[in-house]
Amino acid sequence: MKKILIPTKLDKAAAAQLVAAGYEVVQNDADPIEATVAANPDAVGLIVRSEKVTPAVMDALPALKCVIRAGAGYDNIDYVYARTKDIDVMNTPGANSNAVAEEVVAMALAAYRYVVPGDTTTRAGEWNKKKYMGRELTRKTVGILGLGNIGRQLVKRLQGFECKILGYDHFLSKQRALNIGATPAELDEIFSTADIISIHVPGGPATKNMIGAELISKLKDGAMLINCARYGVVDEDALRAAKGEGKNIIYCTDVHPKDTAAMQPSADIADVMLPHLGANTKEANKMAAMRAASQMVDYFEKDDTSCVVNAEKPENLNPAHLQLSAMLGKLCYQAGGCRPIRKVACTFYNNLRSFRKWFTPWILEGTVPGAEHGLMPAAAEASFREHGIVFKAREPMDDKLYDDALTLDIYMEENGQEIKTSVRGMLADGLPVVSRIQEFDHLYAALPGNTLVLRYADRPGVIATIGQTLSEAGINIENIVAPRDAASGDSLALVKTDKTVTPVLVEILKKSIDAKLAFSISM
C-alpha cells in the first residue's frame, strides 16, 4: 500500500479521498514537516501548502515520487532539486479563485463602512456614528486589472451590486472581455474614472511597480485601491508620497514581502490590511485538497503527469532551442508594438518537429509578459487559452528547409485590425540567433545581450547618426546588422550594445532618424 504524507493543515477531504482509493495516509499538522517525514521514510507522495520542501526533506524520503502543492504557487518547493531526484512536482491552480474574489468584496465593504475602526472604537466605549459616515458599493465603477480566474469571479460577485465594471487585460480580446461582463478599458481610463480598482495580475519583473506615481496621480478623490495580487505590483513609496501630499486614497492590501509575523511596510498607508487571507477559507482549502488528492491518484494509477511543473525534457532536445523560442517570442512581441495578442503560431523545422509540445511553455513565457514560468506543455496551452490567445504548432511546408529552426508568427489587434509580426531563428555555434524579422532575411544576429532595433527609410548617414548618439550616451556598439529591403526601401538595423539603451534614448534616436520602428530589448 502506497503511503502519502500530508504534513499540513489541509481539509480532511484529501485524506478521505486517498484512503478510499486504497492509499495509506499520514496527516499531521501538529509537528514540523521534518519530524513527519523522518517518521515516515517509506512515503511515495507528499501534499503540502506553505511548508518548505527542501532538499533535506526530499533526501529523508528515498521513495518519494510526487510532491503536490495544494494551491497555485510552488516557490516553497525546491522543484529544481526535485528533478535531480526524479521527483515530480505539481500544483492546483484555480482552486482559490472564488475565495480571493470574495475577499476583495469584503475588503471594499469593510473600508467603505469603517468596519475595523468602528468595531474597535465601539468596544472601547466610543460612539462615532457621525465620524464613520460610509459609502455604498452599489452602482460604483470598479476597475479590474487582470481578467483571469480571480478577475472573472470578481466580475460575477460585483454584478449583484449593479457595479459598472471596467476590465484591463492586455491579452484579452474586447469581445471576450465583454462576454465576461467587463467593459474593456486602458489603465489611464480606469485610474481616472473608477471608484474602486482591484489588482489581479501576476507578480515578477514584468509587473513590478506597475501601479506607480503616474497612475496613482490620476486616481479620483476617495478612490480605493485593492491589492490581493502580489507585493511589489503597487509602488507603495509612490502611494505613501501621494497620501503625504494630502491625496485621499483608500488602500487595502493582503500581500506583503514575506508571509511571516513582522511589521509590514504598508502598515502606515493601508486602511485595511490582512495577513494574506485570500485563499484562507474552508471551501478553498477543501477544493485544493480534493484536487491535490485527485491528481495524486491519477499520477500513480493513470501515469497522468499533465500537471507536473518540473518535468524532465527529452534528452535529445537542446535546451538552447527552448531558450531560442522564448527569445524569439519576446522579440516578436516587441517588434509588433506590444499590442494585444490574438494568435500565436509556430512552425518547427527538421528535428525540432518531434519536440513541438515542449516549446509551448517557453513560447508562452516569451510572448506573454507576466505569464507563469515553469509550466508543463498542457498547462501552458491552457494558459494561452486563459489569455484568450489561440496557439498553434504548425507543420512546415515540404519545400522549406531551415535545418533546426523556428518560425514564430504573432497576430495582434489594433482598432479591430489584425496585425501579423513574424520572426525566424536558429542556433549558430550553439547561440540563439534571429535570422529573419518580417521581410528582412539573412540577419543571423545574436539574441542574448542588449539589442537596439530600428527600422527607417534607407538613406546615407543614418548609421553614423545612430553611432554618434550612442557614443554621446557612453554606449559602445559591439556589432551591427543593417540590411535593406528593396521593395519597401527601408533598412532594419540591429545594433548590439554593451549597455541597455534606455527608453528615453530610444525615443531620441527614433526622432533623430525618423524611425518607423524603434525599441531596445535585453535578453
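Because the structure is predicted, anything quoted here is derived from the model rather than measured. In what follows, every heavy atom counts, from backbone to side chain, and hydrogens, waters and symmetry copies are set aside.
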>> One pair to check against side-chain contact (heavy atoms from CB on, under 4.5 Å): Phe355 and Asp404. What are the steps and the verdict?
In response: CA-CA 11 Å; Phe355 302 118; Asp404 291 350; over 6 Å; no
> With no hydrogens and no angle check, do the side chains of Ser491 and Arg484 hold a donor and an acceptor under 3.5 Å apart?
Replying inline: no
> How about Arg424 and Leu443: do any of their side-chain heavy atoms sit closer than 4.5 Å?
Replying inline: no
> In terms of ring plane angle, is the pair Tyr79 and Tyr74 parallel, tilted or perpendicular, where the classes change at 30° and 60°?
Replying inline: perpendicular
> Can you list the steps and then say if Leu215 with Ile190 is a side-chain contact (heavy atoms from CB on, under 4.5 Å)?
Replying inline: CA-CA 9 Å; Leu215 288 175; Ile190 290 176; over 6 Å; no
> After noting the C-alpha distance and the side-chain angles of Tyr81 and Thr54, does the key distance pass the side chain to side chain donor-acceptor pair (under 3.5 Å) rule?
Replying inline: CA-CA 8 Å; Tyr81 184 77; Thr54 63; over 6 Å; no
> Given side chains that start at C-beta, do those of Leu427 and His321 come closer than 4.5 Å, heavy atoms only?
Replying inline: yes
> With a cut-off of 6.0 Å (strictly less than), are more than 12 heavy atoms of other residues, nucleotides or ligands near CE of Met287?
Replying inline: no
>> Counting neighbours of NZ on Lys286 that are heavy atoms of other residues, nucleotides or ligands and sit closer than 6.0 Å, is the number greater than 12?
In response: no
> Taking all non-hydrogen atoms of both residues, which atom of Ser198 and which atom of Val104 are closest, and how far apart?
Replying inline: OG-CG1, 3.3 Å
> Which heavy-atom pair separates Phe384 from Leu364 by the least distance, and what is that distance?
Replying inline: CZ-CA, 3.5 Å
> Side chains of Thr253 and Tyr231: do they bring a donor and an acceptor to under 3.5 Å?
Replying inline: no
>> For the CD atom on Glu301, are there more than 12 heavy atoms of other groups (residues, nucleotides or ligands in this structure) within a distance under 6.0 Å?
In response: yes
> What are the two closest heavy atoms between Cys228 and Asp254, and how far apart are they?
Replying inline: SG-CB, 3.8 Å
>> Checking Gln17 now: which residues fulfil side chain to side chain contact (heavy atoms under 4.5 Å, CB included) with it, not counting sequence neighbours?
In response: Met290, Ala293, Ser294
> After noting the C-alpha distance and the side-chain angles of Asp403 and Met426, does the key distance pass the side-chain contact (heavy atoms from CB on, under 4.5 Å) rule?
Replying inline: CA-CA 8 Å; Asp403 296 323; Met426 60 191 66; 5.7 Å; no
> Do Thr360 and Ile363 have side-chain heavy atoms sitting under 4.5 Å apart?
Replying inline: no
> Which heavy atom in Trp358 sits nearest to a heavy atom in Pro377, and how many Å separate them?
Replying inline: CE3-CG, 4.0 Å
>> Can you see whether Arg157 engages Gln153 through a side-chain donor-acceptor pair at a distance of less than 3.5 angstrom?
In response: yes
>> What I'd like to find out is whether the side chain of Glu478 reaches to under 4.5 Å of the side chain of Asp498, using heavy atoms alone.
In response: yes
> Distance only, no hydrogens: is a donor on one side chain within 3.5 Å (strictly under) of an acceptor on the other, for Asn450 and Thr500?
Replying inline: yes
> Ser422 and side chain to side chain donor-acceptor pair (under 3.5 Å): which partner among Glu439, Arg436, Gln438?
Replying inline: Arg436
>> Looking at Glu418, I'd like to know if its CD atom is crowded, meaning that more than 12 non-hydrogen atoms belonging to other residues, nucleotides or ligands lie closer than 6.0 Å.
In response: yes
> Should the pair Lys343-Asp409 be classified as a salt bridge under the 4.0 Å nitrogen-to-oxygen rule?
Replying inline: no
>> Any heavy-atom pair between the side chains of Val105 and Leu154 that's under 4.5 Å?
In response: yes
> Do Ile4 and Val44 come close enough that some side-chain heavy atom pair is under 4.5 Å?
Replying inline: yes
> Under a 4.5 Å cut-off applied to non-hydrogen side-chain atoms, are Asn96 and Asn285 in contact?
Replying inline: no
>> Please identify which of these residues, Arg83, Lys65, Arg69, meets the salt bridge (charged side-chain N to carboxylate O under 4.0 Å, His left out) condition with Asp88.
In response: Arg83
> What heavy-atom pair brings Thr367 and Ile341 nearest, and what distance separates the two atoms?
Replying inline: O-CD1, 3.3 Å
> Can you name the residues that form a salt bridge (charged side-chain N to carboxylate O under 4.0 Å, His left out) with Lys357, not counting sequence neighbours?
Replying inline: none
>> To check you understand the geometry: which heavy-atom pair defines the closest contact between Ala194 and Gly143, and what is its length?
In response: CB-N, 3.9 Å
> Side chains of Val37 and Leu5: closer than 4.5 Å at any heavy-atom pair?
Replying inline: yes
>> side chain to side chain donor-acceptor pair (under 3.5 Å), that's the test. Do Asn350 and Arg353 meet it? Break it down for me.
In response: CA-CA 6 Å; Asn350 204 26; Arg353 295 170 64 178; over 6 Å; no
